[in-house]
Amino acid sequence: MSLDVLTFLFVGGSFALYIGIAIWARAGSTKEFYVAGGGVPPIANGMATAADWMSAASFISLAGLVSFIGRDGSAYLMGWTGGYVLLALLLAPYLRKFGKFTVPDFIGDRYYSQTARVIAVACTIVISFTYVAGQMRGVGIVFSRYLHVDINTGVIIGMAIVFFYAVLGGMKGITYTQVAQYCVLILAFTVPALFLSAQVTGHILPQIGLGATLDSGMSVLATLDQLSVDLGFSQYTSGTKSTIDIFCLTVALMCGTAGLPHVIVRFFTVPRVKDARISAGYALIFIALLYTAIPGVAGFGRVNLIQTLNGADGSGASYEALKTEAKWFQQWENTGLIGWNDRNGDGKVQYAAGPAFDAKKGKPAFTEERGEYGQRVATNPLTGADFDANKQPFANEVYVDRDIMVLANPDIAQLPNWVIALVAAGAVAAALSTAAGLLLVISTAISHDLMKKTINPNISDKQELLYARLAAIVAICIAGYFGINPPGFVAQVVALAFGLACASVFPAIIMGIFWTRHNSQGAIAGMLVGLVSTMCYMYYFAFGSGTPDQYFLGISPGGFGTVGAVLHIIVGFVVSSMTAAPPKEIQEIVADLRIPRGAAEAHDH
Amino acid sequence: MSISNEQAQAYWRENLRIIMTHLAIWFVVSYGCAILFVEQLNEIPFFGFPLGFWFGQQGSIFVFVILIWTYVFSMNKLDEKYDVHE
């Protein structure tokens with residue numbers, strides 16, 4: 001069967017499955033809509049959490065990122081898994097005992113303040129929207145490459161599917177769809193990873209394969225180091241960022257992960273406090289299955305990429321030959337995510353360090369024209385062949401977008417067509433499951449936290465459910481808009497989401513649980529300081545006139561959430577100590593949420 | 001609430017001790033081995049990996065999984081000890 005038919009079958013089949021589940025698990029009440037009725041078994045919740053958490057960024061982008069930056073990628077691998085330890089130990093059991101629906105619920109009630117609630121709602125909405133934009137773009141990339149529709153049509157199809165099961169099913173529909181999506185995405189990531197590992201190293205497990213010795217007698221990592229250095233890149237196993245920057249980035253990613261509203265809300269869906277802890281344990285096992293395979297996929301992909309692009313003798317592969325032997329090169333070139341600029345005019349593709357096109361990150365700006373070999377012509381090629389001949393054998397002529405590594409890997413390694421189709425279905429599953437979870441959090445924040453708890457407490461359960469569905473529809477449309485017109489700064493915006501979660505939501509919840517004396521004034525001051533300092537810093541360096549040599553202590557914007565969190569804690573502590581202690585009933589609530597018993601009857605309103 | 005105030009405080013203290021032990025290991029493995037002392041550990045080969053690199057990309061994730069499960073089991077025991085389990 002051809003790749004197109006197979007992809008259509010795999011992606012279409014998975015869609016049919018999700019819709020079937022959505023119809024089976026429709027939500028009838030607000031409780032079912034918000035927290036799936038609070039009766040999800042821990043293992044199912046673990047899978048749903050894993051699918052909710054592992055987004056297009058984990059599935060599509062992370063292996064590519066590690067592949068291109070080597071050891072510095074550890075910050076992301078550890079940050080996005082280590083956060084679960086914080087969640088399990090410091091947040092999930094207590095929030096479950098608290099027994100409400102949302103993060104703003106906790107912050108509003110614990111700090112007995114509508115102002116605190118509204119700040120938490122604002123954080124939730126900003127964090128979730130920035131995230132959703134990236135997911136829709138992921139769906140668009142997959143559709144445009146494999147189903148030959150344009151990115152916009154792909155985004156609209158994705159919106160329609162999410163609309164169907166998020167709006168109908170609410171949390172209940174989403175939870176059971178996410179279980180199915182987890183199965184699809186883990187299969188889709190693992191199968192090619194096993195193939196790749198077996199092909200490159202002879203070991204079937206990529207976790208072991210990455211440490212294996214190749215036929216040449218060198219280990220995979222030593223080979224990667226050698227290849228990287230020969231081409232003018234830095235060594236794969238050493239870092240280029242400063243220790244403090246990596247340290248802060250890891251803290252921001254870990255605390256940010258633990259503070260993401262769409263992840264936290266998953267722990268409200270289990271029956272008991274004990275189950276909240278167990279779900280976090282299952283969730284991390286399911287996440288680790290994918291995350292521990294990522295370094296292998298990244299490493300093998302890098303070796304294959306370099307060897308294919310530079311040919312067997314390392315002097316470059318001719319573009320004509322690539323057109324027949326490595327069709328993926330031109331297919332990805334057609335989507336604009338690969339670009340070739342024949343700087344030395346020898347008709348060969350040469351890949352080395354440095355940009356090939358004159359733009360930020362070396363991105364080509366393509367025209368509709370084709371060059372003499374059929375390659376796409378860009379308006380911004382770098383001309384001449386100036387490069388440091390002591391460091392690399394030739395000037396770089398290729399732009400490869402990091403995001404294509406996972407999707408292109410099976411192509412590059414010439415795996416069977418069904419594997420490629422499976423990867424496409426997996427990538428869509430990863431993007432849709434996260435998008436659905438985020439949309440639910442946004443709609444809950446609006447219908448429950450804003451409408452019911454702030455503006456009009458008298459609305460009925462039915463009206464609230466209607467508002468939730470309306471808010472979900474509006475949120476899907478906005479997300480779709482961002483998918484079709486992606487802001488050029490998706491990466492910075494996602495860093496912003498983590499930074500904000502780390503500097504605002506995470507410390508507010510932790511202090512609320514572990515420090516009985518913390519009061520509303522302290523919490524509000526802390527959240528505002530964390531929020532404003534992090535936003536200003538990121539804005540100044542990502543969109544303003546900031547340059548890296550002005551970084552505070554050398555910390556890049558991605559890691560600044562850590563500083564924001566420290567400021568939040570200090571200001572919160574000082575302001576709280578100078579003002580009156582919280583009322584007695586609040587102190588009793590805190591004492592109560594530390595004891596597991598009694599959570600079974602999750603209090604409604 | 002079925003348990004007395006003193007018992008609730010004793011339960012909370014033991015809970016905090018369990019959390020601190022787990023977080024100490026969590027910190028040493030990720031921030032210690034994979035970030036602060038990565039260069040020193042990279043001198044040590046470990047099944048084809050430089051050790052610091054292995055901790056950053058594989059080892060710490062395995063340890064995180066183990067940590068959550070040992071926490072789950074210690075807390076289940078603690079809940080029974082103080083009779084606050086569900």
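Just so you know, these numbers use all the heavy atoms, side chains as well, and skip hydrogens, waters and symmetry mates.
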Pair A:Thr292-B:Gln58, side chain to side chain donor-acceptor pair (under 3.5 Å): steps then yes or no: CA-CA 6 Å; A:Thr292 55; B:Gln58 305 266 282; 5.2 Å; no

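Within the 4.5 angstrom heavy-atom criterion, only side-chain atoms of B:Leu16, from C-beta onward, approach chain A. Both the backbone and the side chain of B:Ser30 have a heavy atom closer than 4.5 Å to some heavy atom of chain A. No part of A:Tyr76 comes within reach of chain B, as not one of its non-hydrogen atoms sits under 4.5 angstrom from that chain. A:Ser74 touches chain B through backbone and side chain together, each having a heavy atom under 4.5 Å away. Heavy atoms of A:Leu210 lying under 4.5 Å from chain B belong to its backbone as well as its side chain. In this structure, chain B has a heavy atom under 4.5 Å from the side chain of A:Leu221, while its backbone stays farther away. Neither the backbone nor the side chain of A:Phe286 comes within contact range of chain B; no heavy atom of the residue lies under 4.5 Å from a heavy atom of that chain.
The closest side-chain heavy-atom distance from A:Ser228 to A:Gln235 is not below 4.5 Å. For the pair B:Glu14 and B:Ser74, the minimum side-chain heavy-atom distance is 4.5 Å or more. The closest side-chain heavy-atom distance from A:Arg597 to B:Asp83 is below 4.5 Å. Counting heavy atoms from C-beta outward, A:Phe189 and A:Val297 have side chains that approach closer than 4.5 Å.
Listed options B:Val29, B:Leu36, B:Ile18 were ranked by heavy-atom pairs under 4.5 angstrom with chain A; first place goes to B:Leu36. When each of A:Leu86, A:Ile208, A:Val220, A:Ile294 is checked for heavy-atom pairs under 4.5 Å with chain B, A:Leu86 comes out on top. Ranked by non-hydrogen atom pairs under 4.5 Å with chain A, the options B:Trp54, B:Phe62, B:Trp12, B:Tyr71 are led by B:Trp12. Taking chain B as the reference chain and counting heavy-atom pairs below 4.5 Å, the highest number among A:Ile244, A:Ile287, A:Thr243, A:Thr250 is found for A:Thr250. The candidate with the highest count of non-hydrogen atom pairs below 4.5 Å against chain A, out of B:Asn42, B:Asn5, B:Val38, is B:Val38. Between chain B and the residues A:Ser219, A:Ala288, A:Ala88, the largest count of heavy-atom pairs under 4.5 Å involves A:Ala88.
Applying the ring pair (Phe, Tyr, Trp, His ring centres under 6.0 Å) criterion to B:Phe47, with sequence neighbours excluded, gives no partner residue. Residues satisfying the side-chain hydrogen bond (donor to acceptor under 3.5 Å, both in side chains) test with A:His203, not counting sequence neighbours, are none. Under the side-chain hydrogen bond (donor to acceptor under 3.5 Å, both in side chains) criterion, B:Gln9 pairs with no residue, sequence neighbours left out.
By the 30° and 60° cut-offs, the orientation of the rings of A:Trp53 relative to A:Trp80 is perpendicular.
At a heavy-atom separation below 4.5 angstrom, chain A is approached by B:Met75, B:Asn76, B:Asp79 within residues 75-82 of chain B.
Figure legend: cation-pi geometry between A:Arg302 and A:Phe68, with NZ or CZ positioned under 6.0 Å from the six-membered ring centre and within 45° of its axis.
Here the closest heavy-atom approach between residue A:Asp225 and residue A:Tyr236 is recorded as OD1-N, 2.8 Å.
A donor-acceptor contact shorter than 3.5 Å is absent between the side chain of A:Thr81 and the backbone of B:Ile61.
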